[in-house]
Novice: 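Below are the structure tokens for one structure; questions will follow.
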Amino acid sequence: MNRVIERLLKPTFWKVVATVIFILGIYTIYIRFTGGLAAVTNLNDHFPWGLWIGFDILCGVGMAAGGFTLCAIVYIFNIKKFKPIIRPTILTAFLGYLLVILALLIDLGRPWAIWHAIIMWNPRSVMFEVAWCVMLYTTVLFLEFSPVILEKFNVEKILKVIKAITIPLVVIGILLSTLHQSSLGALYLIVPTKMHPLWYSTNLPWFFYLSAIGVGCAMIIFESYLSAKAFKKNLEFELVSDIGRWIVVVMSAYLTWRFMDLLLNDKLNLLFVNSVETYLFWLEILIGAIIPIVLLSQNKIRLNRLGLFISACFVIGGFLLNRLNVSVTSLQATAGVSYFPSVYEIIVTLFLVTIGVVIFNLAVQYLPVYEKTKETIPVEFEIVTDEELRTETIKP
Amino acid sequence: MSKKAFLIDISECVGCGACYEACKEQNNLPKTSDDPLRDTLSDKTYTIVEQRGDYYVRVMCKHCEEPTCVSVCPVGAFTKTDIGAVLYDESKCLGCRYCMQACPFQIPRYEWGSLTPRVQKCIMCYDRVREGNLPACAEACPTGATMFGDRDEMIKLAKQKLAENPDKYYQHIYGLEEVGGTSVLYISPVPFEQLGFNTKLIKTALPNFTHEALSKIPTLVTVGGVLLTGFYWLTNRKNEIAREKFEERKNKRGEE
């Protein structure tokens, strides 16, 4: 035990950085809850949603989309070879949603009333739907992740129950994710006259959904690469590399749809107007879709660890820019004021990201996230691939 | 009680600020400016008079017929009352500020510095109107620029004014059809875009946009659920067959 504590306390560069961010974050949250939102944010009556909604909520939920995507692949489409990476992916998703809820508690004006959505219903509100989906899906993610904890402490009975309901859980998880990932885009359907036409579209829910799947896949690659480096976990590289192919397919569909949407709504001319919006739009499309599609369609790059990692970084970068463009850039012009997050807002965002990284780090070290996954994954039986079958038959 | 509305005749407004002062007094709002014409809407100011060129324009909550704020609020903190006033209930509000984000007229204001922040805006002097009185601003208006009454009557009056003085008025009633209609109607001597009104607003009520998306949910959930379970069944069966074959062969080898 002493050795564990000793190891945790041994200072390294990143530990120092994390500690500094942590202290600043706590301090900022203290000011927020003693001086109100005005004391820490640059939000105002013309710009009521800022970095916390744009990044912590929209990006946070999107980047956690790897969870339901991989669950669908492994459990519904029964492509079992991806099982070894399902636990870290579910862990990321679960942490992501917990942080989204934490961010909400900081951003909401009256956080103590957050539970009101449970008893005070307004089914006509997209926000109401998102609230319910996030609540339910966080519960589903907790249950999906629980075997890791139950295994650690050898709670066989509950483990059995969880294993038995794996498939229903996965189906519910996919449905809930589909609903709220797209609904985050639907939140903006109600501001057709406020939003810049390059981003406003009645297809926004679909764009949000597709790009979430894309960035979910990119996050799986991103994490696998960093985990492999940090924890010397020998992940099967071919697995992750295959996900690169899907990114090409998903992001190509997304890219085509975005441009078809502009074409069909006679908005193509907007692509050549000299304005900040136009440049940011092109930047988002270039980084998030065109560059990664070009990179990942080449075997040479996709089968190279660093190449794959960099391509995933492009997808993530483009995704972040897209969500910030939707939530900030596209609304600047009609708001009549320019908004840029305050130092405090940025600190809180860094604080949340840091918490996520630290907890992921600890979980991987002390819980069976990567270990033993082959034997204990909550599936009823091991799947035999054609290849295994062949090698098995050849054996004398 | 029937549905009420304001009719604001911009040609009659002299920018005296009586409505501004009356509103402050009625709602116990603190003084925020010496000059009503230079103040802005805030959590402490529900209505202002803005000078736009040679004219004066009152800015306040429009009390939409199909209010965006009512539709977007996750906990139903906003209600459209029978008299047409849109009211806010702070005891329900959780402070997500979606109402502010969604309002096509950018009206709701927030108590950003408060630890129990509320959304603030004009409430059409709900209690006064219920008792049969005029809203404070309409009562205070010395020129008849702000009129108040049954919405049908106000529309009739506006139409009559436009018809009787075609040279005096620009032939449009702002608020009659914008975003599905509002309870604050404006008539003006000049085109509304000249006065800084948002004239790009569509006639459709905005809640229709999100309602259309939300109405697809039941189908999506049921059909999606069946499809996913079906896929699982199909792919799982394939693997089961593979396993059976595998074990069969293994057994055979064992016998040999």
Side-chain angles (χ1 to χ4, degrees), chain A residues 33-39 41 43-46 48-49 72 75-78 80 107-111 113-114 116-117 120-131 167 170-171 174-175 178-179 182-183 186-187 189-194 202 205 335 381 383-386 388-389 392-393, chain B residues 41-43 68 70-77 90-98 100-102 104 106 108-118 179 198 200-202 206-207 209-214 217 220-221 224-225 228-229 231-232 235-236 238-239 242-243 245-246 249-250 253:
Chain A
F33 283 106
T34 48
L37 286 165
T41 69
L43 297 174
N44 55 62
D45 289 330
H46 299 280
W49 285 0
Y75 293 113
I76 301 302
F77 299 102
N78 267 309
K80 298 287 176 189
D107 181 82
L108 286 179
R110 301 165 156 256
I114 193 170
H116 282 184
M120 298 170 189
W121 286 31
N122 180 14
R124 277 180 70 103
S125 164
V126 181
M127 190 70 92
F128 171 78
E129 187 227 321
V130 171
I167 299 300
V170 166
V171 170
I174 296 169
L175 291 174
T178 305
L179 289 185
S182 56
S183 288
L187 282 178
L189 287 179
I190 204 144
V191 288
T193 51
K194 279 181 165 181
T202 45
F381 55 84
I383 297 304
V384 187
T385 61
D386 292 348
E388 276 174 283
L389 204 68
E392 195 70 24
T393 5
Chain B
L41 281 189
S42 72
D43 53 324
T68 315
V70 172
S71 109
V72 299
C73 180
V75 289
E90 65 189 75
S91 70
K92 288 186 174 176
C93 179
L94 40 85
C96 72
R97 312 185 294 282
Y98 192 16
M100 307 177 67
Q101 179 77 300
Q106 302 190 43
R109 293 298 190 263
Y110 207 56
E111 296 177 324
W112 293 101
S114 166
L115 289 180
T116 53
R118 293 170 298 177
V179 291
N198 184 353
K200 286 182 196 142
L201 290 178
I202 32 185
L206 297 178
F209 285 86
T210 39
H211 192 245
E212 201 182 314
L214 286 171
I217 290 176
L220 197 104
V221 169
L228 287 171
T229 319
F231 265 120
Y232 163 73
T235 53
N236 199 39
K238 213 174 103 192
N239 280 330
R243 192 181 60 145
K245 273 188 188 163
F246 169 65
R249 279 181 218 183
K250 221 162 136 189
R253 262 207 312 278

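Hydrogens, waters and symmetry mates play no part in the numbers below; they use all other heavy atoms, side chains included. A, B, ... follow the sequence lines: proteins, then strands. Residue 1 opens every chain.
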Novice: Go through A:T41, A:L187, A:T193 and name the one with the most non-hydrogen pairs under 4.5 angstrom from chain B.
Specialist: A:L187
Novice: Hey, does the side chain of A:K194 reach the backbone of B:Q101 with a donor-acceptor pair shorter than 3.5 angstrom?
Specialist: yes
Novice: If you look at every heavy atom in B:K92 and A:H116, which pair is closest and at what distance?
Specialist: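 For B:K92 versus A:H116, the nearest heavy atoms are O-ND1, 2.8 Å.
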Novice: For chain A, which of B:A102, B:A213, B:S114 has the most heavy-atom pairs under 4.5 Å?
Specialist: B:A102
Novice: Counting heavy-atom pairs under 4.5 Å with chain B, which one of A:G35, A:A39, A:S183 comes out on top?
Specialist: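 Top count of heavy-atom pairs under 4.5 Å with chain B: A:G35.
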Novice: Distance-only, no hydrogens or angles: does the B:R97 side chain make a donor-acceptor pair with backbone N or O of A:D107 under 3.5 Å?
Specialist: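 Present.
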Novice: Using non-hydrogen atoms only, which part of A:I190 is less than 4.5 Å away from chain B: side chain, backbone, both, or neither?
Specialist: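 Its backbone and side chain both get close to chain B.
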Novice: Please find the pair of heavy atoms, one from B:V221 and one from A:L175, that lie closest to each other, and give the distance.
Specialist: O-CD1, 3.7 Å
Novice: For B:C93 versus A:A113, what's the shortest heavy-atom pair and its separation?
Specialist: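 Heavy-atom minimum between the residues: O-CB, 3.7 Å.
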Novice: Carefully, step by step, assess B:L220 and A:S182 under the rule side chain to side chain contact (heavy atoms under 4.5 Å, CB included).
Specialist: CA-CA 12 Å; B:L220 197 104; A:S182 56; 6.0 Å; no
Novice: So does A:R124 get a backbone contact from the side chain of B:T210, meaning a donor-acceptor N/O pair under 3.5 Å?
Specialist: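 No, the answer is negative, given that no donor and acceptor are paired below the 3.5 Å cut-off.
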Novice: Taking A:N122 for the side chain and B:A77 for the main chain, is one N or O donor matched with an acceptor at less than 3.5 Å?
Specialist: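 No, A:N122 side chain to B:A77 backbone: no donor-acceptor pair under 3.5 Å.
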Novice: Do B:C73 and A:S125 have side chains that get closer than 4.5 Å, going by heavy atoms?
Specialist: no
Novice: Which of parallel (below 30°), tilted (30 to 60°) and perpendicular (above 60°) describes A:F77 and B:F231?
Specialist: tilted
Novice: What option among A:L189, A:V191, A:L108 has the most heavy-atom pairs under 4.5 Å with chain B?
Specialist: A:L108
Novice: Testing the basics here: between A:V126 and B:L214, what is the closest heavy-atom pair and its distance to 0.1 Å?
Specialist: N-CD1, 3.9 Å
Novice: Heavy atoms, side chains only, cut-off 4.5 Å: are B:Y110 and A:P48 in contact?
Specialist: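 In short, these two side chains do not touch, never coming nearer than 4.5 Å.
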Novice: So, do A:N78 and B:K238 sit near enough that their side-chain heavy atoms are less than 4.5 Å apart?
Specialist: no
Novice: Report the option among B:T229, B:L206, B:V75, B:V70 that has the most heavy-atom pairs separated by less than 4.5 Å from atoms of chain A.
Specialist: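 Ranked by contacts with chain A, first place is B:V75.
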Novice: As a quick check of understanding, evaluate side chain to side chain contact (heavy atoms under 4.5 Å, CB included) for A:D45 and B:M100, giving each step before the final call.
Specialist: CA-CA 7 Å; A:D45 289 330; B:M100 307 177 67; 3.5 Å; yes
Novice: Donor-acceptor pair, A:W49 side chain versus B:C96 backbone, under 3.5 Å?
Specialist: yes
Novice: Output the distance between atom CH2 (B:W112) and atom CG (A:N44), rounded to the nearest 0.5 Å.
Specialist: 7.0 Å
Novice: So what's closer than 4.5 Å to chain B heavy atoms on A:P192: side chain, backbone, both or neither?
Specialist: side chain
